[in-house]
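So the structure is just underneath, and the comments pick up after that.
The chain is numbered in sequence order, starting from 1.
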Amino acid sequence: MIQIRAIVAYSHDGRLRTVNVNPGQVNIISGDSRTGKSAILGIIDYCFGASECDVPEGKVRRNVSWFGLLLQTERGQAFVARQVPAGDAKSSEAVYVKTDTEVAIPMEAELR
C-alpha cells in the first residue's frame with residue numbers, strides 16, 4: 001500500500017510549499033478561495049505518471065516549477081517529483097525519484 005505523506009510545490013526561485021498529510025486518517029485541506037486547493041488532485045495525478053498535467057493554467061502553474069509527493073510504502077519512503085510543463089506543453093519528461101527507508105524532501109536544486 002502507498003500513502004501520501006506530503007504534497008510539495010517548488011517555486012521558480014527555490015522556495016517550497018509543503019502540505020503535510022497524516023497517513024491512515026481523514027485529512028481536510030481548507031483555505032481561502034483561489035489558493036490552490038483544487039490543484040492538489042491534479043498534482044497527485046501528474047506525479048503518479050499521468051500523460052498530461054491537469055493542474056489548471058493560472059497562478060499555480062505560473063509560479064511553480066516542480067510538483068512533488070512524499071510517499072510512505074511498506075518498504076520505506078519515496079519522493080517523486082515532476083517538472084511543470086513549460087509554455088503550452090501538456091507534460092514534461094523531467095522526473096525525480098528517490099527511495100530509502102526514510103527520505104527527506106529535497107531542495108529544488110536537487111531535482112535536476
When rounded to the nearest 0.5 Å, the distance separating OG of Ser38 from CD1 of Ile43 is 10.5 Å
What closest approach, in Å, do Val60 and Gly36 show between heavy atoms, and which atom pair accounts for it? CG2-CA, 4.0 Å
Residue pair Cys53 / Ser91, side-chain heavy-atom distance below 4.5 Å: no
For Gln77, side-chain hydrogen bond (donor to acceptor under 3.5 Å, both in side chains) partners two or more places apart: Gln72
If I compare all heavy atoms of Asn20 with all of Ala6, which pair ends up nearest, and what's the gap? OD1-CB, 3.8 Å
Tell me, which pairs form a salt bridge (Lys or Arg N to Asp or Glu O under 4.0 Å) where one or both residues lie in residues 9-18, sequence neighbours left out? Asp13-Arg15
Side-chain touch Arg5/Pro23, heavy atoms, less than 4.5 angstrom: yes
N/O donor-acceptor pair under 3.5 Å between Tyr46 side chain and Gln83 backbone: yes
Distance-only, no hydrogens or angles: does the Lys37 side chain make a donor-acceptor pair with backbone N or O of Gly31 under 3.5 Å? yes
Checking one residue: Phe79. Which other hydrophobic residues are in its cluster under the side-chain 4.5 Å linking rule? Val8, Tyr10, Leu16, Trp66, Leu70, Tyr96, Val103, Ile105, Met107, Leu111
Donor-acceptor under 3.5 Å (Asp45 side chain, Leu41 main chain): no
Rounded distance [0.5 Å steps], OG in Ser11 versus CG in Asn63: 8.0 Å
Run through Val55, Ile7, Ile44 and flag the one making a side chain to side chain contact (heavy atoms under 4.5 Å, CB included) with Phe67. Val55
Partners of Glu57 by side-chain contact (heavy atoms from CB on, under 4.5 Å), sequence neighbours excluded? Arg61, Arg62
Is any side-chain heavy atom of Val84 closer than 4.5 Å to a side-chain heavy atom of Ser65? no
Under the salt bridge (Lys or Arg N to Asp or Glu O under 4.0 Å) definition, can you give me all pairs with a residue in residues 66-88, not counting sequence neighbours? none
Apart from Val26 itself, what residues make up its hydrophobic cluster, given side-chain heavy atom links below 4.5 Å? Ile28
Look only at the side chain of Asn27 and the backbone of Asn22, and say whether a donor-acceptor pair between them is shorter than 3.5 Å. yes
